[in-house]
Structure formats: C-alpha cells, structure tokens
Amino acid sequence: MVEEGKLFIGASRKPDDTINKGEYLELKFGNRHGLITGATGTGKTITLQVLAEGFSNAGVPVFCADVKGDLSGIGAIGETKDFILKRAEQIGLPTNPYEFQEFPVIFWDLYGEKGHRVRTTMSEMGPLLLSRLMNATDAQEGVLNIAFKIADQAGLPLLDLKDLQALLNYMGENATQLSNQFGFISKASVGSIQRELLILEQQGAEHFFGEPALKITDIMRTTNDGRGAISVLAADKLMMNPRLYATFLLWLLSELFEELPEVGDPEKPKLVFFFDEAHLLFNDAPKVLTERVEQVVRLIRSKGVGVYFVTQNPLDVPETILGQLGNRVQHALRAYTPRDQKAVKTAADTFRPNPEFDCATVITNLGTGEALVSTLEGKGAPSIVERTLVRPPQSRVGPLTAEERQKVLEVSPVRGQYDEDFDRESAYEMLTARAKKAAEAQQQAEQAPVEANAGGSRWTLPGFGDDEPAAPAGKQARPRSSGYQRETVVEAAMKSVARTVATQVGRALVRGILGSLSRR
C-alpha cells in the first residue's frame with residue numbers, strides 16, 4: 001500500500017491506546033537503510049513481509065532470505081483470518097473485504113532444491129570473502145591472495161572449487177620458486193587451505209561455485225504491471241552453514257555495488273535488500289572485515305540500494321554500521337539479563353525521543369505485531385518515535401506447499417537459465433593439460449640421448465619459471481611470437497573477461513574496498 005510516494009507501515013497509538021496517525025516510510029529515503037529488531041516471536045518476519053509488499057507495489061525489486069521457510073507465502077494471496085481482520089480494523093483499514101493480494105516472486109536456492117540455483121565464481125568471490133568463509137588464518141589468507149594474483153597474471157580462470165584446488169597443488173609443488181617472486185608460501189598453509197576446501201565441499205559449497213553465475217539484473221526485475229519482483233532465497237538448509245550464508249549475502253552486496261551505476265538519491269530505491277539473521281555477518285568477524293562491510297553499506301546507498309538488517313538484538317550490529325541505518329522498527333525485547341538490559345537501553349537511545357512515553361519501558365511491554373517506529377522525513381532527519389501497530393500482510397501468512405512453490409517456479413521469468421551446470425575450460429583443465437604435457441616431455445627426455453635436457457620434469461606457468469626469463473622491474477615480459485601454450489592461455493583469459501568487461505572499473509574499485517584482487 002503506497003500513498004503519495006510513501007509506504008504504509010501501520011498506525012501509531014496514543015498513551016490511552018487510541019489510534020493517533022498513520023506511520024509511513026518515504027520511498028525517497030528507502031535507500032537510507034534500516035533495522036528491524038526484536039525477540040523471537042514478536043513479529044519481525046511479518047514486518048519484513050509488510051515492507052517487502054509495500055516496496056513491490058511501489059515498483060521496487062526486493063531480495064530477502066527465508067530463514068524459517070514461512071516467508072514463501074508472500075507468493076500467494078492472503079487468507080481471511082480473525083487476527084488479520086482485527087488488526088486491520090484497529091488501524092482503520094477496510095475489512096469488508098480486506099484487500100488481499102499475491103505478489104510476483106522468484107525463488108532462489110544455493111542447493112537448487114526449492115528455487116533456481118545461485119552461483120558465483122571463485123574469482124568473483126575474491127580472496128578476502130573466501131578467507132572469511134574458510135575461517136583462514138593470516139598466513140592462509142596471504143597464500144590465497146598469492147593464488148589469485150598468480151591466476152590473474154597467468155590468465156587462469158578460477159571458477160569452481162576444483163580450479164582453486166588445482167592451482168594450490170601447483171603452488172605446493174613449486175613453493176620455493178614462487179616464494180622468490182611473491183613472498184613466502186608455506187606448504188603447510190597450502191595444505192590447510194586444501195583441507196578447508198574439502199570441508200566446504202562436504203558442506204555443499206561446491207553448489208555455490210561455478211557457472212552460470214547469477215546476473216544481478218535477474219534480482220532487479222519488474223513486472224508488466226509495474227510491480228517489483230520479490231526474490232526469496234530459501235535459507236532454511238543454508239542456515240546449517242551460517243558462515244556460507246553470511247558470506248554469500250556479503251558477496252551479493254559487493255556485486256551490487258560493483259555493477260550498479262551511481263544514481264545519487266532517487267525518488268525510490270532501485271533495490272531493497274533484507275539481511276535476516278544479520279548477527280551471522282558479524283559473529284567472530286575480524287575488524288578489517290567489519291570495517292569493509294561498513295564501507296560497502298555506506299557507499300551502496302548512492303547506487304540506489306537500501307539494506308535492511310533483521311536481527312534479534314540491536315547489539316548484534318556494530319555501532320559504526322548502526323549509525324547508518326536511518327529507518328528503525330523495534331519490536332519487543334526482553335530484559336532478563338544484563339546484556340538484555342543493555343540492548344534495551346541501546347535500542348531506546350537510538351530513537352528520537354517522544355515526550356509522551358519512555359522508550360526503554362515501552363520496548364519491554366510491546367505486544368506481538370507492535371513496534372516502535374521511526375523513519376526519515378523532511379530533509380532526512382529521523383521522525384519522533386511512535387508506538388505503532390504494524391499493518392497485516394496482504395499475502396499469505398505462512399509457507400507455500402511444495403506443489404504451490406513448483407507452480408511458481410514453472411512460470412518464473414528465469415526458468416531454465418540457472419538450472420544446469422556449465423563447466424567451461426578453466427584453471428583445472430588448463431593446469432591438468434599442462435601437467436600432462438610436462439609428463440610426456442619427461443618421458444621423452446628419459447628416452448632421448450644424454451645431450452637432451454634432463455630438467456624437463458618440472459612444469460611451469462608463463463612468467464613463473466626459469467625457462468622464461470622474468471621481465472625487468474616495472475616492465476612486462478615480452479610475449480612469445482608463437483606457441484600453442486601461450487595462445488591457449490590468451491584465449492582462455494579472453495573468455496574469462498567477456499562476461500564482466502562492462503563493469504571492469506567498478507570491480508577494480510570494490511575489490512580494493514573488499515581487499516581482493518582485480519579480475520581480468
């Protein structure tokens with residue numbers, strides 16, 4: 001429900017429990033980010049659903065994670081229930097009949113079970129996020145950075161797990177030689193990374209790395225009638241590996257920043273991104289990662305993207321990021337422990353005070369579906385906090401059945417685009433072919449006369465062996481005028497950049513922010 005560029009959230013109440021006025025989120029401030037917090041069972045998911053519906057009707061695409069499985073009901077028309085009609089009547093909405101609605105939904109799933117497959121490549125993930133995913137030490141992160149550097153320089157596309165595994169094998173076999181050029185490469189660190197990759201594979205991460213990679217434009221679709229598509233990520237199984245869940249969503253944020261143009265402050269967002277269970281992003285995260293998340297959240301606003309963190313406790317979000325979240329919906333908190341009491345005080349202190357009530361007291365007494373709401377207004381200042389009854393959803397409250405989900409998938413606008421794996425020539429195939437050629441050369445050398453070169457057992461990559469002199473400092477090595485191996489690498493490198501050449505400048509910038517290397 002949108003009125004004059006505003007998204008209707010609910011109706012505020014006076015101290016005597018009578019209705020005060022409607023509470024809205026102005027669409028022009030939708031990209032100023034937001035926070036939805038509250039204890040379990042207080043109505044956070046319903047609030048997320050209500051906001052997603054409002055943005056969709058305003059023509060704004062939405063991406064959200066379905067952690068518990070019940071958000072999928074947004075794809076079905078709502079059903080008449082007593083609590084829905086009661087709430088609608090309380091806030092002054094027509095109830096005879098209540099305006100139910102179904103919304104355009106695209107289902108996604110990293111495992112391909114409840115939605116379209118979501119993939120990215122190793123190169124797009126980058127060494128910093130991969131280190132986060134693997135919980136790597138500083139030494140291991142250094143080795144990963146070297147691996148990506150070697151891949152860039154040698155034109156080796158890193159697409160899936162086996163590509164990185166093959167490159168690590170090469171690095172382990174040639175650690176001494178490569179250490180002279182890139183710094184110390186510990187074989188122990190290489191081995192540790194390989195073991196972590198095996199664990200990731202067993203946890204299902206191999207489904208995430210590969211091609212075809214997700215196109216950002218496919219989560220930014222609108223329908224023919226002007227509504228924004230709501231992309232729902234099935235995250236119930238993904239939550240079994242919370243580090244993969246958090247890393248994936250952070251990767252998606254970085255991709256949005258890379259690919260979208262600067263738009264300043266649009267009349268409405270280009271995309272709204274809901275990050276449920278947001279505490280998983282910051283749990284045990286190193287300081288450098290938290291700082292870079294802060295940078296991305298701050299900078300992505302100018303791309304027209306609004307990021308809304310959904311979590312139980314406002315203390316889950318670092319203060320530096322909390323200060324950037326202009327739109328706040330605070331559901332009830334419990335104050336049984338000292339940490340809970342601190343959370344209540346933190347939440348209360350972040351609101352612009354209302355002289356009619358004490359925020360800290362009200363937070364602990366809010367009912368289900370009731371929240372303290374403050375949004376940006378005027379020239380971007382936060383509104384006075386109001387005690388608000390959140391409006392009921394227009395779509396179904398509860399999950400879709402398996403049959404209903406399948407029907408949605410059958411008419412999906414991206415049906416068939418991501419459902420099959422595509423394994424093109426990349427680092428694994430190129431290194432395997434090179435190793436095979438080296439083995440053949442070794443065999444020939446052993447059969448050749450004594451005058452033949454006995455050193456043919458060691459195989460190298462272009463620019464990383466003593467069979468090809470290194471270029472002077474500040475200059476690139478001169479390419480050979482001919483040769484099958486060099487030509488193969490060049491062709492593969494050209495294929496690797498074809499999909500992302502249009503956003504090369506943006507990617508170079510964000511990889512600088514996220515600490516990873518430029519892709520070619």
Does any N or O in the side chain of R221 come within less than 3.5 Å of the main-chain N or O of A229, such that one atom is a donor and the other an acceptor?
no
Check whether any side-chain heavy atom of L133 sits under 4.5 Å from a side-chain heavy atom of L244, and report yes or no.
yes
Restricting to non-hydrogen atoms, name the atom on D218 and the atom on I106 that form the minimum distance, rounded to 0.1 Å.
O-CD1, 3.9 Å
Please test I36 against L51 for side chain to side chain contact (heavy atoms under 4.5 Å, CB included), starting from the C-alpha separation and ending with a verdict.
CA-CA 11 Å; I36 303 171; L51 291 177; 3.7 Å; yes
Can you confirm whether E206 is buried at CD, in the sense that more than 12 heavy atoms of other residues, nucleotides or ligands lie under 6.0 Å from that atom?
yes
Considering all heavy atoms of both residues, which atom of D276 and which atom of Y245 are nearest to each other, and what is their separation?
O-OH, 2.6 Å
Would you confirm whether R87, through its side chain, and G369, through its main-chain N or O, come within 3.5 Å as a donor-acceptor pair?
yes
Can you confirm whether N327 sits close enough to Y308 that some side-chain heavy atom of one is under 4.5 Å from a side-chain heavy atom of the other?
yes
Residues E403, R405: salt bridge by 4.0 Å N-O rule
no
When rounded to the nearest 0.5 angstrom, what distance separates OG1 in T388 from CD1 in I91?
10.0 Å
Verify, without hydrogens or angle tests, whether Q140 (side chain) and I193 (backbone) share a donor-acceptor contact under 3.5 angstrom.
no
Decide if atom CG of D138 counts as having more than 12 heavy atoms of other residues, nucleotides or ligands within a radius under 6.0 Å.
no
Less than 4.0 angstrom from a charged side-chain N to a carboxylate O is my criterion; do D421 and R119 meet it?
yes
So, for T364 and A335, which heavy atoms are closest and what is the spacing to 0.1 Å?
CG2-CB, 4.1 Å
Taking S374's backbone N and O only, do any of them form a donor-acceptor pair with R328's side chain (distance below 3.5 Å, no angle check)?
no
Under 3.5 Å, is there a donor-acceptor pair between the side chain of H331 and the main chain of A371?
no
Does K270 have more than 12 heavy atoms from other residues, nucleotides or ligands lying within 6.0 Å of its NZ?
no
L376 and F29 have their tightest heavy-atom pair at O-CD1, 3.4 Å
Can you tell me if S412 uses its side chain to pair, donor with acceptor, with the backbone of V414 under 3.5 Å?
yes
Atom CD of Q417: over 12 foreign heavy atoms under 6.0 Å:
yes
Compare all side-chain heavy atoms of V385 with those of Q330 and state whether any distance is below 4.5 angstrom.
no
Are D236 and K114 close enough, and set up right, to give a salt bridge (charged side-chain N to carboxylate O under 4.0 Å, His left out), and what steps lead you there?
CA-CA 10 Å; D236 47 348; K114 297 182 178 180; 2.5 Å; yes
Quick check: closest heavy atoms across T290 and I321, and the distance to 0.1 Å?
O-CD1, 4.3 Å
I219 and L252: CA distance, side-chain angles, deciding distance, side chain to side chain contact (heavy atoms under 4.5 Å, CB included) verdict:
CA-CA 11 Å; I219 64 170; L252 186 56; 4.0 Å; yes
To the nearest 0.5 Å, how far apart are CZ in F100 and NZ in K81?
9.5 Å
Please lay out, stage by stage, how K345 and D349 fare under the test salt bridge (charged side-chain N to carboxylate O under 4.0 Å, His left out).
CA-CA 6 Å; K345 185 178 186 304; D349 290 345; 2.8 Å; yes
R132 (side chain) donor-acceptor with L281 (main chain) under 3.5 angstrom:
yes
Matching residue for F351 among L372, I384, V373 - test: side chain to side chain contact (heavy atoms under 4.5 Å, CB included):
L372
Got more than 12 heavy atoms from elsewhere within 6.0 Å of CD, E420?
no
Taking S56 for its side chain and A52 for its backbone only, find out whether a donor-acceptor pair lies under 3.5 Å.
no
So do T80 and L85 actually touch side chain to side chain, heavy atoms under 4.5 Å?
yes
Report yes if the side chains of P393 and I46 come closer than 4.5 Å at any heavy-atom pair, otherwise no.
yes
Donor-acceptor under 3.5 Å (E53 side chain, S395 main chain)
yes
D82 atom CG, neighbour heavy-atom count above 12 within 6.0 Å
no
Please step through side-chain hydrogen bond (donor to acceptor under 3.5 Å, both in side chains) for the pair Q312 and T40, ending with a clear verdict.
CA-CA 7 Å; Q312 293 187 20; T40 301; 3.1 Å; yes
Apply side chain to side chain contact (heavy atoms under 4.5 Å, CB included) to residues L409 and R415 and explain how you reach the verdict.
CA-CA 7 Å; L409 289 172; R415 181 185 178 189; over 6 Å; no
How long is the gap from OG on S12 to CD1 on I19, to the nearest 0.5 Å?
7.5 Å
CD/E258 to CH2/W251 distance, rounded to the nearest 0.5 angstrom?
9.5 Å
If you measure from CD1 on I300 to CG on L256, what distance do you get to the nearest 0.5 Å?
5.0 Å
Run the salt bridge (charged side-chain N to carboxylate O under 4.0 Å, His left out) test on E370 and R387 for me, step by step, so that the C-alpha distance in whole Å, both residues' side-chain angles and the decisive distance to 0.1 Å come before the verdict.
CA-CA 7 Å; E370 189 178 19; R387 185 172 182 173; 2.7 Å; yes
Decide yes or no for L249 and F273: does some side-chain heavy atom of the first lie under 4.5 Å from some side-chain heavy atom of the second?
yes
Taking the side chain as every heavy atom from C-beta outward, state whether H33 and R301 have any atom pair closer than 4.5 Å.
yes
For atom NZ of K407, decide whether the heavy atoms of other residues, nucleotides or ligands shown that lie under 6.0 angstrom number more than 12.
no
Check step by step if side chain to side chain contact (heavy atoms under 4.5 Å, CB included) holds for F309 and H279.
CA-CA 9 Å; F309 293 96; H279 66 281; over 6 Å; no
Where S302 and E262 come nearest, the two heavy atoms and their spacing:
OG-OE1, 2.8 Å
When rounded to the nearest 0.5 angstrom, what is the spacing between CG in L315 and CG in L322?
8.5 Å
Give the ring-plane orientation class for F8 versus Y24, where under 30° counts as parallel, over 60° as perpendicular and anything between as tilted.
tilted
Does any part of the side chain of V50, heavy atoms only, come nearer than 4.5 Å to the side chain of I9, both counted from C-beta?
no
Given W108 and F63, is the ring pair (Phe, Tyr, Trp, His ring centres under 6.0 Å) satisfied, shown in steps?
CA-CA 10 Å; W108 303 92; F63 184 94; 7.7 Å; no
Distance-only polar pair, side chains of E89 and T95, donor-acceptor under 3.5 Å
no
Would you say the side-chain atoms of K303 pair up with the backbone N or O of F257, donor to acceptor, closer than 3.5 Å?
yes
